[in-house]
> 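Sharing a structure below in structure tokens format, with a few things to ask.
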Amino acid sequence: MDARNGSPKTMDMRALALDLLLEAERGTEYENTLLKNTLDKYDYLNGRDKAFLKRLVDGVTERQLQLDYILEQFSSLPVRKMKPLIRCVLRMGAYQILFMDGVPDSAACNEAVKLAKKRRFAQLSGFVNGVLRKLCSQKNALAWPDREKEPVRFLSVRYSMPEWIVRRWMEEYGAEKTEVMLKALLEKRPLTIRLSERLSEKERESLLQAFREQGCNPVPHPLFGVEPSEERPVYMLEGAEGVASLPGFAEGAFAVQDAASMMAVECAGIRELVRHRRQEAGTGPAEAAEDLFVLDVCAAPGGKACQAAELLEGTGMVLARDLTEGKIAYIRDNAARLRLSNLHAQVWDARELDETILERADVVLADLPCSGLGVMGRKADIRYRVSPESLSGVAALQREILSTVWKYVKPGGLLLYSTCTLNREENENMAAWFWQQFPFVPKEPAASLPASCREGEPEGCVRFLPGENGTDGFFIACFRRKQEEIHNRKE
């Protein structure tokens with residue numbers, strides 16, 4: 001990337017943003033990953049520059065479809081036929097003009113022209129200038145699709161979502177709920193954290209005060225109660241930038257995790273399972289629950305596995321698995337930071353059967369690879385990468401994994417299936433397929449949940465939609481393995 005050769009004094013944020021957007025357009029890596037790696041590499045940049053870069057790259061990515069629709073009102077050439085660099089320069093300029101009030105229109109136009117010239121497209125700088133100047137003069141009178149005559153196209157353009165996704169959601173959730181979801185996916189949500197349960201009340205209050213002093217107002221997450229208990233201390237941090245620089249992060253005082261993801265582990269009832277085992281053993285030592293075994297089969301980045309290890313209250317073991325050494329290293333780093341000695345991580349392909357742990361797990365967490373439609377608020381370019389055909393492909397992978405991992409669950413044990421998507425083929429239909437195929441029955445979730453999460457859902461299933469409970473889009477299905485199941489190694 002050309003801009004990456006700059007020094008702290010000469011670094012051009014727009015040039016750096018252009019490089020990131022061009023690389024993301026090639027499709028080799030997700031935009032949020034490219035941005036994170038760049039911000040980590042240039043950690044010396046001041047907070048204002050980092051915020052500008054993040055706002056511009058994220059904004060152009062999530063509004064891409066809308067920006068292209070607007071640009072074509074002022075360009076004789078369709079956006080898809082433009083040179084990639086010119087296309088990205090125009091999108092950046094349009095985003096600054098339409099959505100960044102702190103950037104004067106003249107600066108957005110002039111800097112776009114400069115970028116085109118610096119990147120050897122001087123012959124097209126006049127075209128760039130002309131399109132953006134027209135946009136500046138007519139930005140308050142833009143033409144939009146007719147909401148009544150073209151409802152799908154209207155929502156697609158206004159919320160920058162491919163029409164096929166809008167159409168599918170309207171069929172499944174209705175027009176009103178679909179618009180709520182689309183709007184929520186474009187809104188910036190606070191960072192959600194779970195405080196460590198090993199912190200004393202005084203330490204928690206000190207940490208919350210440190211957040212306030214840094215300008216990150218901690219607000220109790222509504223999904224976990226207005227007054228978080230010692231066992232469910234979940235907060236939203238408003239205005240948090242740079243997780244690693246937050247007070248208490250390096251010391252493992254909190255974990256970053258979406259509330260819906262946390263609720264998936266809560267639904268498994270691990271804490272209640274620990275206490276039940278202890279009650280059965282009397283008032284003896286903690287070793288009464290040492291044999292509890294939780295398996296997370298697709299664990300990266302490790303949020304659920306770490307949460308499960310903490311809920312075991314220092315007992316038992318969580319085995320976290322994923323496909324590559326890089327993912328496992330990330331899980332190990334998180335476990336070490338959070339001081340979780342009962343979490344072990346190893347590379348394993350979830351499609352491969354491990355006969356050493358057949359029917360050993362009290363709980364199997366199966367948060368499987370999915371289309372990711374529920375996390376488009378954090379990974380905006382998913383909407384441009386996924387297709388109707390890819391949805392069927394990922395559902396086939398989910399069935400393949402489930403056909404293996406159910407065998408690890410003890411009779412009477414739990415399997416918790418979850419995804420971060422909003423596609424029934426991967427969610428409700430997958431849950432129905434699972435309990436028709438294997439010796440399990442639906443189990444009501446252990447956690448208390450808002451009525452909106454259960455409305456219209458099959459027994460044992462929970463659904464979180466963007467815009468309802470301050471979470472990502474998420475799906476959870478709880479299953480209990482039948483006690484009377486006869487062991488059959490040939491299954």
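All figures in this text were calculated on a predicted structure; none of them were measured in a lab.
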> So does Asp333 pair up with Arg337, basic N to acidic O under 4.0 Å?
no
> Quiz question: by atom type and distance under 3.5 Å, do the side chains of Arg399 and Gln437 form a donor-acceptor pair?
no
> If you measure from the Lys or Arg side-chain nitrogens to the Asp or Glu carboxylate oxygens, is any gap between Lys304 and Asp296 under 4.0 Å?
no
> Pairs under 3.5 angstrom only: tabulate donor-acceptor contacts from the side chains of residues 167-174 to other protein residues two or more places apart or in another chain.
{"unit_1": "Arg168", "atom_1": "NH1", "unit_2": "Asn423", "atom_2": "OD1", "d": "3.2"}

> Any carboxylate oxygen within less than 4.0 angstrom of a Lys/Arg side-chain nitrogen, looking at Arg189 and Asp258?
yes
> Who are the side chain to side chain contact (heavy atoms under 4.5 Å, CB included) partners of Asp349, not counting sequence neighbours?
Leu323, Arg351, Glu352
> Mind checking what makes side chain to side chain contact (heavy atoms under 4.5 Å, CB included) contact with Ala380, not counting sequence neighbours?
Thr61, Glu62, Arg383
> Check this for me: does any side-chain nitrogen of one of Glu310 and Arg194 sit under 4.0 Å from a carboxylate oxygen of the other?
yes
> I want to check something: taking the side chain as every heavy atom from C-beta on, are Arg321 and Cys298 in contact at a cut-off of under 4.5 Å?
no
> Residues in side chain to side chain contact (heavy atoms under 4.5 Å, CB included) with Arg332, at least two apart?
Glu325, Ile328, Ala345
> Run the salt bridge (Lys or Arg N to Asp or Glu O under 4.0 Å) test against Glu25 and tell me which residues pass, sequence neighbours left out.
Arg87, Arg91
> Mind checking what makes salt bridge (Lys or Arg N to Asp or Glu O under 4.0 Å) contact with Lys81, not counting sequence neighbours?
none
> Is the distance between the ring centroids of Phe479 and Trp435 under 6.0 Å?
yes
> Could you tell me whether the side chains of Tyr384 and Ser160 share a donor-acceptor contact shorter than 3.5 Å?
yes
> Are side-chain heavy atoms of Met262 and Val234 found at a separation under 4.5 Å?
yes
> What residues, two or more places apart in sequence or in another chain, satisfy side-chain hydrogen bond (donor to acceptor under 3.5 Å, both in side chains) together with Arg147?
Glu179
> Listing request: all salt bridge (charged side-chain N to carboxylate O under 4.0 Å, His left out) pairs with a residue in residues 372-382, at least two apart in sequence or in separate chains.
Arg378-Asp472, Asp381-Arg385
> Are Glu457 and Arg454 within salt-bridge range, i.e. N to O under 4.0 Å?
no
> Quick check: does any side chain N or O of Asn46 sit under 3.5 Å from a backbone N or O of Arg48, one acting as donor and the other as acceptor?
yes
> Residues in side-chain hydrogen bond (donor to acceptor under 3.5 Å, both in side chains) with Ser371, at least two apart?
Thr421, Glu426
> Walk me through whether Asp19 and Arg14 qualify under salt bridge (charged side-chain N to carboxylate O under 4.0 Å, His left out).
CA-CA 9 Å; Asp19 289 330; Arg14 289 180 176 85; over 6 Å; no
> Listed by chain and number, what are the side-chain hydrogen bond (donor to acceptor under 3.5 Å, both in side chains) partners of Lys83, not counting sequence neighbours?
none
> Decide yes or no for Gln398 and Thr419: does some side-chain heavy atom of the first lie under 4.5 Å from some side-chain heavy atom of the second?
yes
> Does a side-chain heavy-atom distance below 4.5 Å link Phe474 with Leu465?
no
> May I ask you to test the Gln214-Leu246 pair for a side-chain heavy-atom distance under 4.5 Å?
yes
> More than 12 heavy atoms of other residues, nucleotides or ligands under 6.0 Å from CG of Asp101: yes or no?
no
> Going by ring-ring contact (aromatic ring centres under 6.0 Å, His included), name the pairs with one or both residues in residues 90-126, residues two or more places apart or in two chains.
Tyr95-Phe99
> Only counting residues at least two apart or in another chain, list the ones meeting side chain to side chain contact (heavy atoms under 4.5 Å, CB included) with Leu338.
Ala255, Cys306, Leu340
> Hey, are the side chains of Tyr417 and Leu415 touching, using non-hydrogen atoms and a 4.5 Å cut-off?
yes
> Is there a side-chain contact between Ser403 and Ile401 (heavy atoms, below 4.5 Å)?
no
> Indicate yes or no: does Asp58 engage Lys188 in a salt bridge with an N to O separation below 4.0 Å.
no
